[in-house]
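Remarks on the structure that follows.
A, B, ... follow the sequence lines: proteins, then strands. Residue 1 opens every chain. All heavy atoms count here, side chains included; hydrogens, waters and symmetry mates do not. These figures come from a predicted structure and were not determined experimentally.
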Protein chains: 2
Amino acid sequence: MARFTHPRLEDVPLDLALHALADPNRLEMVARLAAAERLRCSDAAPCDAIPKSTLSNHLKLLRAAGLIETTQVGREMINMLRRSEFDSRFPGLLDAVLANRPA
Amino acid sequence: MARFTHPRLEDVPLDLALHALADPNRLEMVARLAAAERLRCSDAAPCDAIPKSTLSNHLKLLRAAGLIETTQVGREMINMLRRSEFDSRFPGLLDAVLANRPA
DNA sequence: TTTAATAGTTCGGGAATATTGAACCTTTGG
DNA sequence: CCAAAGGTTCAATATTCCCGAACTATTAAA
């Protein structure tokens, strides 16, 4: 019954977006999603040491920040970056953040 | 005896910088500093409703993120943005954030 | 030279957030 | 139908944040 709610980008405040990106784990997840189009939750994980519930919570935050969209496919939750929408809302922001991400 | 410690920009992680910017009050303060060169703490405040101790704490965070430099002059603490240093460390980041700041 | 005011910092405790183990829900394979 | 896979939700713990009260340092006034 897991249905997700996605905000309209115009309703996402800058602070929320920045806060979502201001975490090493979430940023890594965003980077993976930026490189991969669509990923299951477990594949979007920044590492395997992170608990499932924490991962789920991070994804929820990224959704609330308008960064990702999640849809259920079978028993998997497929995540994808809302890149063009996010870029329209905050021009240049995601590029700048990703470009400055540590190697 | 208030002497402040400023990090080398190379020691500032991206997450810390983003976290510092991911707060409406602090972002407003950064914007004011970006427009004014040098400001006393009370003049850098985002509004007058904010308690002194909270303000002081915000400034401490901005310092730790390498965003501002504080020096004591008489009984005032003068703050200025470390713009060029920050820009060298995180190219395009501050510009992108400031450009997307709400009106 | 006291005294008082200005400009902030620091400390401590309550409020708000984050993390995560355990229990749970759904879908699919056998 | 039963068990496993893939996640979510809940609740308890841990962490972080906010702000009043007390404090420090510098300057102005008396």
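Side-chain atoms of A:His58 lie closest to C:dT19 of the nucleotides C:dA7, C:dT19, D:dG6. Candidate nucleotides D:dG20, C:dT19, C:dG21 were compared by shortest atom distance to the side chain of A:Thr54, and C:dT19 ranks first. Closest to the side chain of B:Pro51, out of D:dC19, C:dT9, D:dT8, is D:dC19. Which of D:dA21, D:dG7, D:dT8 sits closest to the side chain of A:Phe4 comes down to D:dT8. Picking from D:dG7, D:dT26, C:dT19 the nucleotide with the shortest atom distance to the side chain of A:Arg40 gives D:dG7. For A:Arg75, whose side chain is taken as the heavy atoms from C-beta onward, the closest listed nucleotide among D:dA4, D:dG7, C:dT9 is D:dA4.
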List the steps, then state whether side chain to side chain contact (heavy atoms under 4.5 Å, CB included) holds for B:Leu94 with B:Val30.
-> CA-CA 10 Å; B:Leu94 189 51; B:Val30 168; 4.1 Å; yes
(message) Before you tell me yes or no, could you show the steps for A:Val97 and A:Arg101 under side chain to side chain contact (heavy atoms under 4.5 Å, CB included), namely the whole-Å CA-CA distance, both residues' side-chain angles and the distance that decides it to 0.1 Å?
(response) CA-CA 6 Å; A:Val97 171; A:Arg101 197 170 49 97; over 6 Å; no
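An OP1 or OP2 oxygen of C:dT9 is reached within less than 4.0 angstrom by a side-chain nitrogen or oxygen of B:Ser56. Side-chain nitrogen and oxygen atoms of B:Ser53 include none within less than 4.0 Å of the OP1 or OP2 phosphate oxygen of D:dC19. OP1 or OP2 of D:dC17 sits under 4.0 Å from a side-chain N or O of B:His19.
Nucleotide C:dA5 holds its P atom 14 Å from the NZ atom of B:Lys52, rounded to whole Å. A straight line from CG of A:Asn57 to P of C:dG21 spans 14 Å, rounded to a whole angstrom. Rounded to an integer number of Å, the gap from CG of A:Asp43 to C1' of D:dG6 is 11 Å. Distance, A:Lys60 NZ to D:dC10 C1': 10 Å, rounded to whole Å. If you measure from atom CG of A:Leu55 to atom C1' of C:dT20, you get 12 Å, rounded to the nearest angstrom. Taking atom CD of B:Gln72 as the reference point, atom C1' of D:dA25 lies 7 Å away to the nearest angstrom. When the P atom of C:dT10 is taken as reference, atom CZ of B:Arg63 falls 8 Å away, rounded to whole Å. Counting to the nearest Å, the P atom of C:dT9 and the CG atom of B:Leu59 are 7 Å from each other.
Toward the 5' end of DNA chain D, the nearer of the two residues A:Glu76 and B:Asp23, judged by each one's closest nucleotide, is A:Glu76.
Donor-acceptor pairing under 3.5 Å, judged by distance alone, is absent between the side chain of A:Ser42 and the base of D:dG6.
No single ILVMFWY cluster, assembled from side-chain heavy atoms under 4.5 Å apart, contains both B:Phe4 and B:Leu59.
Salt bridge annotation for A:Arg89-A:Glu85: absent, with no cationic side-chain nitrogen under 4.0 angstrom from a carboxylate oxygen. Comment: B:Arg26 does not engage A:Asp15 in a salt bridge, judged by the lack of any side-chain N to carboxylate O separation of less than 4.0 angstrom.
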